[in-house]
There are 2 protein chains.
Amino acid sequence: MQLSTHPPAPRHSLALSAMVKPTREAHMPTIKDVAAHAGVSASTVHYALNGKRSISPEVRQRVLDAVQALNYSASAVAQRLREHRSYSLGLIAPELPASDAAMMEILTATAATASAADHTLGIYLNQAPDQILGLLRAQHVDGVILIETAHHDPRIEALRHAPHPFVLIGQTGDMTGLTTVDFDFEQAFYLAFDHLARLGHRHLGFIVPHGATDDDQPQRKENWYATLRGYRRARQEHDLHVELEPAVLNIEDGHRAALRLTARAPRVTGIVASGHTQVGVLRALYSQGRRVPDDCSVVGVTTAQIAEWTIPRLTSVDLPLREMSVTASELLLRKVGGEAVTEQVLFPAYLIDRESTAPPRTAQPEST
Amino acid sequence: MQLSTHPPAPRHSLALSAMVKPTREAHMPTIKDVAAHAGVSASTVHYALNGKRSISPEVRQRVLDAVQALNYSASAVAQRLREHRSYSLGLIAPELPASDAAMMEILTATAATASAADHTLGIYLNQAPDQILGLLRAQHVDGVILIETAHHDPRIEALRHAPHPFVLIGQTGDMTGLTTVDFDFEQAFYLAFDHLARLGHRHLGFIVPHGATDDDQPQRKENWYATLRGYRRARQEHDLHVELEPAVLNIEDGHRAALRLTARAPRVTGIVASGHTQVGVLRALYSQGRRVPDDCSVVGVTTAQIAEWTIPRLTSVDLPLREMSVTASELLLRKVGGEAVTEQVLFPAYLIDRESTAPPRTAQPEST
DNA sequence: CTGTTAGCGCTTTCAG
DNA sequence: CTGAAAGCGCTAACAG
């Protein structure tokens with residue numbers, strides 16, 4: 001699976017790889033070792049360390065000294081066995097995340113939230129539904145967060161009737177009984193088109209997720225439905241002419257789609273694009289010598305991070321991925337804690353006006 | 001810690017959060033349950049499931065059926081207790097990774113490698129040295145990979161004399177006895193300057209990591225030394241005039257640094273930049289109306305992914321982060337497996353000629 | 001070919 | 001205030 005960016009990488013190895021005998025670990029000190037060292041019983045050590053019953057200050061000090069001396073730390077594994085919990089959460093992600101920046105926001109926010117609640121975050125890429133179930137059943141993790149969910153998602157169907165806690169970032173076809181955190185994509189796309197319409201644009205282009213308009217697409221993302229609803233609502237309300245151009249949501253395909261779009265529909269004065277496609281759109285316009293926003297406006301639906309990177313900075317409906325991830329993690333933590341949570345949280349959309357939109361040219365010359 | 005991208009996010013919650021009594025988990029089936037169901041002993045179940053001794057086909061089938069019926073999966077926690085291993089690795093990263101794209105490459109490659117060896121990857125952000133030791137001592141993880149290492153790195157010093165396996169992606173001041181995987185930054189920066197020199201450039205700009213030239217900087221990254229060596233070697237060899245401009249390695253600071261540089265040294269016809277700063281450099285040149293590479297060449301030292309994104313695509317020395325991460329994970333897996341590995345791997349640098357470099361307007365190429 | 005048993009390190013009754 | 005002992009679920013050594 002390891003992709004190569006280079007010729008076969010003849011790594012220069014200053015190899016000292018001493019192939020010594022498999023060292024059997026000098027084993028870690030246990031609670032018994034501490035007890036022996038302090039001249040008390042194991043349970044006394046235990047209670048001294050987490051004060052669930054009173055200990056004479058003198059004994060307590062001896063225990064603490066022994067802990068210090070032996071560098072003792074209670075084995076998390078043994079604790080977990082006893083408590084029937086692994087104190088870890090799983091983040092289930094596709095092997096190739098749609099966007100690095102988005103994935104990183106989700107990841108760091110989730111890891112920080114889990115960590116603050118003394119849980120470990122494990123990441124699992126590209127797991128089949130029964131592998132996910134296996135993770136849960138073997139108590140590798142107490143619960144999972146699923147991202148990039150589809151309308152018909154076999155992972156969700158596998159989990160739906162199992163007794164394990166999980167939460168979705170995203171939505172799916174049948175939401176009954178699920179705990180989900182999502183973003184109001186309908187409003188997001190409505191706002192994107194609405195913004196351009198209010199600036200006076202009438203002929204727009206829309207880089208639409210590939211497969212979104214294809215009813216037979218089984219794998220399609222649930223949010224694509226909302227995407228289309230938002231776009232249609234704005235189109236109708238403002239009487240817009242919109243040219244659709246499908247693209248996989250990455251830079252390269254956004255680039256190609258924008259080239260097709262501008263070739264086919266030269267009257268377009270504004271483009272709406274999401275994911276990472278905006279970067280491709282901007283590149284296409286640049287290569288044609290069209291300035292943004294003077295010759296063409298662009299609106300994105302993407303993370304603030306991406307929007308701030310581009311030249312010019314992108315007017316966009318920013319995805320609040322950190323907040324969504326924190327919320328999802330907190331919900332999951334409550335569920336693994338035994339609480340019966342069934343909450344469906346929807347984060348609202350706001351448009352952030354940056355540098356990539358302007359009113360269309362008043363007179364549209366035929367030639368450039 | 002949760003950063004806000006939006007106004008206070010009044011999330012619309014279709015709340016059904018039934019605050020029911022903390023449900024005590026209907027406990028998972030154990031090996032005993034399976035044994036009872038199949039009418040055999042626990043050890044028979046165990047051996048039937050991992051064939052370490054022969055079982056009559058008839059009994060074996062009964063066991064398999066029972067497993068099926070009860071949906072049994074051996075508890076990873078109990079196994080781990082017995083084997084004194086957690087079968088998980090930790091990736092220790094700074095809270096704010098220097099680059100999303102780079103971090104994602106490291107992360108996905110590491111997770112995939114760990115996963116292929118039946119290990120879990122836990123990610124730990126922003127851990128203090130003794131927290132890392134705690135992780136290891138409590139057997140949350142069997143070993144760790146450290147990234148973004150510094151010349152004087154307290155994390156490394158803490159681990160150096162502890163008995164726990166770890167590997168570095170990067171280097172540090174005292175490398176004796178450590179297992180490390182790194183990239184030849186000296187050669188990388190040499191090649192970047194060398195490339196521009198051979199194209200005929202004489203006046204160059206260098207967006208240098210902030211703190212790299214400051215001898216008192218305690219936190220400085222080890223690779224900055226190599227960076228400076230490579231740059232100096234090229235400067236001397238080709239008799240270059242180089243203007244240094246320090247920047248934190250992100251887009252915004254790269255942008256500011258490039259503006260300062262071009263204001264101060266208008267004769268510069270080529271710029272070398274690393275991390276994410278190139279994106280800022282390109283933005284600065286764009287805003288000044290200078291075309292790349294016609295008016296100014298730019299060379300990066302960055303991941304292929306970033307280099308392919310920019311407009312124009314960036315000539316760069318690409319960091320082979322996937323391969324480095326796979327190598328680091330494999331070394332760590334060998335170490336946690338008990339092997340006495342002390343290997344220091346250095347990946348070589350190659351320049352990839354994309355679209356952002358050309359000979360300067362005035363001069364002709366150097367003859368070498 | 002199969003069953004019994006001890007024990008991993010910790011927590012928590014139950015006794016004193 | 002402290003100790004002894006049982007048991008979480010699994011594995012492997014030790015009987016048959």
Side-chain angles (χ1 to χ4, degrees), chain A residues 24-64 66-67 70-87 118 134-142, chain B residues 24-64 66-67 70-87 118 134 136-140 142:
Chain A
R24 186 92 319 278
E25 284 285 330
H27 81 170
M28 313 245 53
T30 78
I31 199 170
K32 279 186 177 174
D33 298 326
V34 177
H37 191 104
V40 295
S41 78
S43 48
T44 300
V45 173
H46 174 241
Y47 288 117
L49 290 180
N50 50 40
K52 292 193 181 173
R53 79 183 188 193
S54 30
I55 300 279
S56 78
E58 196 264 332
V59 169
R60 169 185 211 80
Q61 193 48 245
R62 280 221 310 282
V63 170
L64 261 35
V67 166
L70 301 182
N71 240 316
Y72 170 75
S73 224
S75 158
V77 180
Q79 289 174 319
R80 289 163 172 193
L81 172 60
R82 229 189 155 271
E83 319 221 343
H84 305 283
R85 286 179 60 177
S86 67
Y87 292 98
D118 278 312
L135 246 33
L136 266 342
R137 282 212 296 257
Q139 297 173 63
H140 274 101
V141 295
D142 296 329
Chain B
R24 187 90 321 279
E25 284 284 331
H27 82 170
M28 314 244 54
T30 77
I31 198 170
K32 281 187 176 174
D33 298 326
V34 178
H37 190 103
V40 295
S41 78
S43 51
T44 300
V45 173
H46 173 237
Y47 289 116
L49 290 181
N50 49 38
K52 292 193 180 173
R53 80 184 187 191
S54 29
I55 299 280
S56 79
E58 196 263 334
V59 169
R60 170 185 210 78
Q61 195 48 246
R62 280 221 310 281
V63 171
L64 261 33
V67 166
L70 300 182
N71 241 318
Y72 170 76
S73 226
S75 158
V77 180
Q79 290 173 319
R80 289 164 170 190
L81 173 60
R82 218 174 169 283
E83 319 226 339
H84 305 283
R85 286 180 61 178
S86 67
Y87 292 98
D118 278 312
L136 266 341
R137 282 211 296 257
Q139 298 173 63
H140 274 101
D142 297 329

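So you know, we letter chains A, B, ... as the sequences are listed, proteins then strands, and number each from 1.
Rounded to the nearest 0.5 Å, atoms CE (B:Met28) and CG (B:Asn71) are 7.5 Å apart. Rounded to the nearest 0.5 Å, atoms OG (B:Ser43) and CD1 (B:Ile31) are 8.0 Å apart. Here the straight-line distance linking atom OG of A:Ser86 with atom CD of A:Gln79 works out to 13.0 Å at 0.5 Å rounding. The CG atom of A:Leu70 sits 9.0 Å away from atom OG1 of A:Thr30, with the distance rounded to the nearest 0.5 Å. Rounding to the nearest 0.5 Å places OG of B:Ser54 at 10.0 Å from CZ of B:Arg60.
Taking the side-chain contact (heavy atoms from CB on, under 4.5 Å) definition, one finds that B:Leu81 meets it with A:Val77, A:Ala78, A:Leu81, sequence neighbours left out. With sequence neighbours left out, B:Lys52 forms a side-chain contact (heavy atoms from CB on, under 4.5 Å) with B:Tyr47, B:Asn50. Listed by chain and number, the residues in a ring pair (Phe, Tyr, Trp, His ring centres under 6.0 Å) with A:Tyr87 are A:His119 (sequence neighbours excluded).
When heavy atoms are screened at a 4.0 angstrom cut-off, A:Val40 is found touching the sugar-phosphate backbone but no base atom.
First and last contacts of DNA chain C with chain B, using any nucleotide atom under 4.0 Å from a protein heavy atom and ordered 5' to 3', fall at C:dC1 to C:dG9.
The rotation axes computed at either terminus of the helix from C:dC1-D:dG16 to C:dG16-D:dC1 lie 50° apart, taking five pairs at each end and rounding to 10 degrees.
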Contact letters for nucleotides 6-16 of chain D, in which S counts primed atoms plus P, OP1 and OP2 and B counts the base, heavy atoms under 4.0 Å
-BBBBBB-B--

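Of the residues listed (A:His84, A:Arg80, A:Arg85), the one engaging A:Asp142 in a side chain to side chain contact (heavy atoms under 4.5 Å, CB included) is A:Arg85, and it is the only one.
Counting heavy atoms from C-beta outward, A:Gln61 and A:Leu64 have side chains that approach closer than 4.5 Å.
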